[in-house]
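Just so it is clear: chains get the letters A, B, ... in the order the sequence lines come, proteins before strands, and each one is counted from 1. Everything quoted here is computed from the prediction, not taken from an experiment.
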Amino acid sequence: MRKKTIYECKALYRDVFRVTGYEFGEGEKSVCVVGSIRGNEIQQLYTCSQFVKRLKQMEAEGKIKEGHQILVVPSVNPYSMNIKKRFWPTDNTDINRMFPGYDLGETTQRIAAGVFDVIKDYKYGMQFASFYMPGKFTPHVRMMKAGYEDVEMAKEFGMPYVVLRNTRPYDTTTLNYNWQIWETKAFSIYTTSTAEIDKESAGMAIRSILTFLSKEGIVDYRGHDGYISQVVEDTQMAAVRTKTAGLFESLVKVGEEVEAGQILALVTDPYEGEVLEELRAPVDGIVFFAHNDPLTYASTAVFKLVVREGKGLL
Amino acid sequence: MIETVATVGLPVDETLTIRKNRLQPQENILTGEKKRISIVTGIHGDELEGQYVCFEVARRIREHRELLTGTVDIYPAMNPLGIDSITRGIPAFDLDMNRLFPGNREGDMTEYVAAKIIEDIEGSDVCIDIHASNIFLTEIPQIRINELHKEKLIPLAMQTNVDFIWVHGASTVLESTLAHSLNSRDVPTLVVEMGVGMRITRSYCEQLIDGIFHLMAQMGIWKGETKEPRRPIISQNPDDVSYLNATTAGVFIPHVKHWEMLKQGDLIGWIIDPLGGEVLDEILSPVNGILFTIREYPVVDAGSLVGRLLREETLKEGK
């Protein structure tokens with residue numbers, strides 16, 4: 001293992017801003033794994049740290065195959081993590097909206113450019129991503145339909161789902177999109193949580209990546225084969241939306257099977273405790289995303305369900 | 001008349017409401033088909049220059065309602081939670097509201113609000129979206145135009161009494177702005193940038209207000225006297241603009257004034273280290289030109305923008 005600084009810049013009074021990478025093995029640039037890019041992505045940091053620990057063992061045991069180099073970057077944004085801000089401390093810009101970056105541009109453009117310059121030539125790129133809404137996910141590999149996606153390859157992770165979604169204008173500035181443009185096979189890996197640690201899904205993500213790397217001949221790993229991934233289009237999921245705002249009490253967990261008509265959550269009056277709304281499943285399905293904030297706004301998609309084919313009402 | 005554009009319930013005893021003020025002619029004035037202008041601001045909660053513009057436009061119209069011959073819709077707060085909490089984005093979501101358009105009626109709260117706003121503004125003959133840079137940079141009153149829409153927008157922008165019209169290249173990211181969404185729906189929309197975040201620069205506001213009334217007169221919405229607008233400099237070539245970025249972290253101390261003509265090599269400012277008492281870098285003008293953007297917020301990182309210059313050649317061509 002080689003620990004190295006892949007990007008740094010000085011601040012006025014704070015310690016030097018450093019992005020640290022861990023290299024394993026030697027040879028062609030095979031895999032790059034990126035953890036947190038935003039300051040609240042603690043689970044993404046944790047998952048990377050466990051992956052570094054695991055690769056260290058595997059390297060010692062000679063299980064990283066010859067001719068392959070793996071790079072892990074646990075955090076692209078330690079500055080924001082240390083002061084509990086989601087985006088860049090001074091101008092609140094999101095580094096994951098700055099790729100491929102610009103080395104003569106503004107600060108976060110320079111960080112994106114400096115990091116991307118190091119990570120862009122890898123054959124496979126994996127990012128532990130997070131969602132902007134508060135909630136938990138069933139672990140999955142997410143791909144945007146940018147024209148370069150390889151769904152069959154995504155199934156090699158053996159995660160429960162491979163989710164496909166349409167691109168949006170902002171996607172062109174994300175790491176995942178730019179990796180694809182630079183001909184890296186890129187995958188966004190979602191574990192269950194963001195701001196809190198979920199060991200179970202972090203473990204699943206690590207096993208999934210190792211399963212993938214083993215199938216691609218990069219590591220020697222005989223673990224669990226995982227799931228036969230179900231491919232789901234984001235737009236085909238059934239969203240359950242609030243009509244009212246108030247206290248939010250979820251009655252189900254992510255990954256749980258639910259039946260059409262089942263009550264999934266209650267929205268209650270924050271002063272008087274009366275139930276304002278019962279949120280029911282519109283279809284038979286599996287809870288893919290569940291809001292986990294104790295408050296909810298109105299007009300908010302608080303659940304997303306994977307429809308169980310043949311049984312749904314929709 | 002104050003009208004509601006969108007409402008969303010918030011969890012604890014509060015409703016988010018986006019409002020507009022619709023000003024229309026007195027009933028006894030006979031006009032043909034009435035034109036409509038929408039004046040929009042407050043998408044970014046820390047940009048306040050437009051607040052004074054909205055106030056003063058409404059005040060002048062109320063004072064002389066008999067001169068109004070069309071519809072003026074004033075939307076002072078697209079992001080009311082942001083303005084009232086000194087937050088640039090949409091609080092809680094930390095989302096840039098100007099990356100959400102055209103929104104989605106079936107989407108989450110932020111997308112729903114964006115969709116309702118577009119729906120409400122659609123049908124306007126012109127929209128002016130007033131921004132105020134950010135807390136870091138001061139801007140001379142200017143209109144920024146996506147090159148995709150320049151044929152339609154430059155003639156309108158010429159009426160608004162700004163100093164500068166900046167035609168910039170198209171970018172996929174900007175497709176999610178309010179202006180792009182409206183321009184794509186045949187509502188010519190001008191994006192004004194002026195002043196600085198968290199402050200109101202009355203002289204710039206008055207300048208733009210005079211321009212808005214002139215444009216309204218040209219459109220047949222206002223029949224009062226208006227001032228002839230100043231002739232703006234127009235830049236359509238990316239090479240016209242020279243960017244000055246800090247080379248190191250420190251505190252920026254300017255040595256020049258905003259909108260000052262500079263010669264190549266003139267000292268624009270220092271980046272200093274207060275701890276060591278050193279000047280870390282001297283920022284010099286790379287070209288002959290005029291400084292149309294200057295840094296307001298002193299603390300810089302390496303890469304922070306400290307200014308933008310418009311090259312001398314552009315000024316000559318512009319005039």
Colleague: In this structure, which one of B:Thr248, B:Val251, B:Val300 forms a side-chain contact (heavy atoms from CB on, under 4.5 Å) with A:Leu12?
Modeller: B:Val251
Colleague: When rounded to the nearest 0.5 angstrom, what distance separates OH in A:Tyr177 from OG1 in B:Thr172?
Modeller: 6.5 Å
Colleague: Could you check whether A:Tyr297 and B:Phe93 have their ring centres less than 6.0 Å apart?
Modeller: yes
Colleague: If you tally heavy-atom pairs under 4.5 Å against chain A, which of B:Glu175, B:Arg99, B:Glu106 wins?
Modeller: B:Glu106
Colleague: With a 6.0 Å cut-off (strictly less than), is the heavy-atom count around NZ of A:Lys243, excluding the residue itself, greater than 12?
Modeller: no
Colleague: For each of B:Ser176, B:Ser304, B:Gly250, B:Gly107, tally heavy-atom pairs with chain A at distances under 4.5 Å, and name the one with the top tally.
Modeller: B:Gly107
Colleague: With a 4.5 angstrom heavy-atom cut-off, which part of A:Leu104 approaches chain B: side chain, backbone, both or neither?
Modeller: backbone
Colleague: Look up atom CG in B:Asp108 and atom OG in A:Ser299, then write down how far apart they are to the nearest 0.5 Å.
Modeller: 9.0 Å
Colleague: Please classify the contact of A:Tyr271 with chain B as side chain, backbone, both or neither, using a heavy-atom distance under 4.5 Å.
Modeller: side chain
Colleague: I'd like to verify something: which residue of B:Leu280, B:Thr15, B:Leu95 has the highest number of heavy-atom pairs under 4.5 Å with chain A?
Modeller: B:Leu95
Colleague: Can you tell me how far CZ of A:Arg86 sits from CG of B:Asp94, rounded to the nearest 0.5 angstrom?
Modeller: 6.0 Å
Colleague: Do you know the tightest heavy-atom contact between A:Ala245 and B:Gly9?
Modeller: CB-O, 3.3 Å
Colleague: Count the heavy atoms of every other residue, nucleotide or ligand shown that sit under 6.0 Å from CD of A:Glu183, and state whether that count exceeds 12.
Modeller: no
Colleague: Is the number of heavy atoms from other residues, nucleotides or ligands under 6.0 Å of A:Leu251 CG greater than 12?
Modeller: yes
Colleague: With a 4.0 Å cut-off, would you call B:Glu111 and A:Arg168 a salt bridge?
Modeller: yes
Colleague: Can you tell me which of A:Asn92, A:Thr108, A:Thr300, A:Thr244 forms the most heavy-atom pairs within a distance under 4.5 Å of chain B?
Modeller: A:Asn92
Colleague: Verify the neighbour count for atom CZ of B:Arg199: are there more than 12 heavy atoms of other residues, nucleotides or ligands below 6.0 Å?
Modeller: no
Colleague: Which bit of A:Tyr13 is near chain B, if near means a heavy-atom gap under 4.5 Å: side chain, backbone, both or neither?
Modeller: side chain
Colleague: Can you check whether A:Thr172 reaches B:Val173 side chain to side chain, under 4.5 Å on heavy atoms?
Modeller: yes
Colleague: Using the side-chain contact (heavy atoms from CB on, under 4.5 Å) rule, take A:Thr90 and B:Val299 through it: C-alpha gap first, then chi angles, then the decisive distance, then the call.
Modeller: CA-CA 9 Å; A:Thr90 53; B:Val299 175; 5.5 Å; no
Colleague: Below 4.5 Å, heavy-atom pairs only: which of A:Arg97, A:Lys10, A:Arg241 has the largest tally toward chain B?
Modeller: A:Arg241
Colleague: Please round to the nearest 0.5 Å and tell me the distance separating atom CG of B:Asn245 and atom CZ of A:Arg110.
Modeller: 5.0 Å
Colleague: Provide the closest heavy-atom pair for A:Ala298 versus B:Val8 in the form atom of the first, atom of the second, distance.
Modeller: O-CG1, 3.8 Å
Colleague: Hey, could you give me the CG/CH2 distance between B:Asp301 and A:Trp88, rounded to the nearest 0.5 Å?
Modeller: 6.0 Å
